[in-house]
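One structure below.
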Amino acid sequence: MVGMGYRTIKTAIGAGLAIWIASLFDLEFSSFAAIIVIMCIEKTKKRTLHSIRKKFFASLLSLLLGSICFELLGYHPFVLTLFILFFVPLLVKARIQEGFVTSIVVLLHIYTVKEANLEILLNELFIILIGIGIALLVNSIMPSFTNEIKKYRTEIEHKFSVILYQFSLLLKDSEHKWDGKEVSDVENILNEAKNIAIQDVENHLLRRENKHYYYLEMREDQLEILKQMVGIISIVSSSALDVKQRGMLADIFLNISQHVDSGDTTIALKLVEEYEESIRETELPKTREEFEIRANLFYLNFEIKNYLIIKKNIFKRDRLSA
């Protein structure tokens with residue numbers, strides 16, 4: 001089944017099963033049950049439930065109002081046209097317009113047989129119930145995204161580690177070159193991972209929170225900080241001035257790069273505190289260039305603290321919710 005998606009397999013099985021069950025009960029228009037299955041199956045359980053709800057109420061409304069309309073005004077194309085013109089705004093007002101297609105198919109069944117007695121109405125109702133029942137059944141079986149998210153997490157942490165290590169090298173060696181490719185790479189990976197995490201959330205009907213999603217949001221916030229650091233580090237690293245704090249910040253970045261996957265920020269925060277203490281003990285800058293470099297280094301220190309605090313808070317929340 002190369003190239004065949006999980007959703008395609010479920011749809012095929014569900015459609016065949018729906019027709020088979022509808023045929024067992026000798027229901028007319030049994031193939032409509034398969035159409036309902038095909039139209040109701042979505043990527044996640046929550047989306048499927050929303051789709052089913054809208055299509056069910058739209059079809060039920062069409063069945064009742066359409067039967068009354070045809071019985072009173074006759075089974076004519078003009079009546080069908082008028083009904084659709086008035087029915088669509090009603091669906092929009094009720095916010096169930098996604099059920100338009102299935103509701104019109106129900107309406108056309110009534111129009112085709114040109115009769116709306118109890119037997120025909122029940123026939124349509126049973127087909128609808130079989131279709132949405134099978135759609136719910138086959139879509140209750142969802143693949144786990146846990147392993148996929150873990151792989152993304154490993155990739156993200158690796159990219160973060162490379163970025164932070166490059167920051168360290170740039171501060172230590174003004175001749176070092178880095179194209180910054182990992183920044184755009186990790187941004188793309190984060191977007192892909194968040195899409196998967198959202199699907200995972202929507203596949204748990206009773207669970208609104210997802211620790212993987214919170215983790216990815218944390219990394220997104222940290223990435224924004226890293227992106228702001230890039231320009232400042234470029235300015236600092238291009239300076240020929242040998243400022244003591246520059247080497248200290250390089251050591252901080254190196255330490256953080258080695259512990260990206262850890263929730264413990266104790267050592268890194270201690271290094272930050274030592275850096276701040278060294279600033280207090282250092283003489284004031286004597287030249288404008290030294291002042292600008294020191295100011296940029298101070299800004300980098302401020303952003304490092306933000307980076308670490310974001311990480312510390314998310315891991316602390318994970319421990320409390322565990």
Side-chain angles (χ1 to χ4, degrees), residues 153-154 156-176 178 180 182-183 185-187 190 211 214-321:
R153 183 167 174 161
T154 301
I156 291 164
E157 289 173 353
H158 172 69
K159 295 291 183 184
F160 266 60
S161 181
V162 172
I163 293 167
L164 291 160
Y165 180 65
Q166 289 296 328
F167 284 177
S168 175
L169 292 179
L170 286 166
L171 288 172
K172 285 182 178 178
D173 181 8
S174 58
E175 300 298 320
H176 181 71
W178 177 54
E182 287 79 9
V183 175
D185 286 347
V186 77
E187 192 167 21
L190 274 167
K211 65 178 183 179
Y214 285 138
Y215 169 84
L216 293 170
E217 281 194 324
M218 179 268 288
R219 291 302 184 193
E220 261 192 342
D221 291 340
Q222 287 187 318
L223 180 62
E224 287 304 310
I225 292 174
L226 294 179
K227 285 161 73 174
Q228 290 179 40
M229 288 182 181
V230 172
I232 304 299
I233 287 177
S234 177
I235 294 170
V236 173
S237 64
S238 62
S239 172
L241 280 178
D242 184 19
V243 182
K244 176 186 174 184
Q245 284 79 16
R246 187 163 138 179
M248 293 182 73
L249 277 182
D251 290 338
I252 294 172
F253 279 120
L254 179 61
N255 176 270
I256 299 172
S257 73
Q258 294 168 345
H259 301 91
V260 171
D261 60 339
S262 171
D264 188 6
T265 57
T266 307
I267 297 173
L269 284 169
K270 186 179 179 182
L271 289 173
V272 169
E273 288 174 6
E274 289 175 359
Y275 172 80
E276 291 174 344
E277 185 62 32
S278 76
I279 291 177
R280 298 187 192 99
E281 297 173 354
T282 305
E283 292 181 4
L284 292 173
K286 294 181 175 62
T287 65
R288 179 184 178 85
E289 185 182 2
E290 187 181 351
F291 173 80
E292 289 175 351
I293 294 300
R294 291 263 293 273
N296 283 321
L297 289 171
F298 185 80
Y299 171 78
L300 283 176
N301 175 67
F302 173 77
E303 291 292 23
I304 288 171
K305 283 184 77 173
N306 287 337
Y307 174 95
L308 293 170
I309 288 168
I310 289 169
K311 182 180 179 182
K312 183 179 179 180
N313 289 340
I314 196 73
F315 277 98
K316 183 179 178 182
R317 180 167 62 180
D318 284 348
R319 283 196 298 269
L320 288 173
S321 62

Checklist line | Point-to-point distance, once rounded to the nearest 0.5 Å, from CZ of R219 to CD of E187 | finding: 15.5 Å
Item checked: Taking every non-hydrogen atom, the tightest pair across S168 and A250 -> OG-O, 2.9 Å
Next item on the list: Any chance you could lay out the side-chain contact (heavy atoms from CB on, under 4.5 Å) test for D251 and L271, step after step, and finish with the verdict?
Entry: CA-CA 8 Å; D251 290 338; L271 289 173; 5.5 Å; no
Note to self: Contact between I310 and I225 at the side-chain level, heavy atoms closer than 4.5 Å - yes or no?
What the structure shows: yes
Next item on the list: Rounded to the nearest 0.5 Å, what's the gap from CD on Q228 to CD on E224? Could you check?
Entry: 7.0 Å
Check: Between CD1 of I156 and CG of L216, what distance do you get to the nearest 0.5 Å?
Finding: 5.0 Å
Notebook entry, point to check: Got Y307 and L164 here, is their nearest side-chain heavy-atom distance under 4.5 Å?
Noted result: yes
Check: Donor-acceptor pair, K311 side chain versus V260 backbone, under 3.5 Å?
Finding: yes
Next item on the list: Taking the side chain as every heavy atom from C-beta outward, state whether I304 and F253 have any atom pair closer than 4.5 Å.
Entry: yes
Margin query: Ignoring hydrogens, what is the shortest heavy-atom contact between S257 and S161? Give both atom names and the distance.
Written below: O-OG, 2.7 Å
Margin query: Taking atom OH as the centre, does Y299 end up with more than 12 heavy-atom neighbours from other residues, nucleotides or ligands that are less than 6.0 angstrom away?
Written below: yes
Notebook entry, point to check: side-chain hydrogen bond (donor to acceptor under 3.5 Å, both in side chains) with K172: which residues, sequence neighbours excluded?
Noted result: none
Item checked: Closest non-hydrogen atom pair, L223 against L190 -> CD2-CD1, 3.7 Å
Item checked: Electrostatic pair K270:E273 at N-O distance under 4.0 angstrom -> no
Note to self: Just to verify, what does E303 make a salt bridge (charged side-chain N to carboxylate O under 4.0 Å, His left out) with, not counting sequence neighbours?
What the structure shows: none
Check: Any side-chain heavy atom of I233 within less than 4.5 Å of one from L300?
Finding: yes
Next item on the list: Kindly compute the distance separating CZ (F160) from CD1 (I256), expressed to the nearest 0.5 Å.
Entry: 11.5 Å
Margin query: Once rounded to the nearest 0.5 Å, what's the spacing between atom CE of M248 and atom CG of L171?
Written below: 12.5 Å
Margin query: Is any side-chain heavy atom of L249 closer than 4.5 Å to one of F167?
Written below: no
Notebook entry, point to check: Would you say the side chains of H158 and E182 form a donor-acceptor pair under 3.5 Å?
Noted result: no
Margin query: Rounded at 0.5 Å granularity, tell me how far CG in L254 sits from NE2 in H259.
Written below: 9.5 Å
Note to self: Are the side chains of L170 and W178 in contact, using a 4.5 Å heavy-atom criterion?
What the structure shows: yes
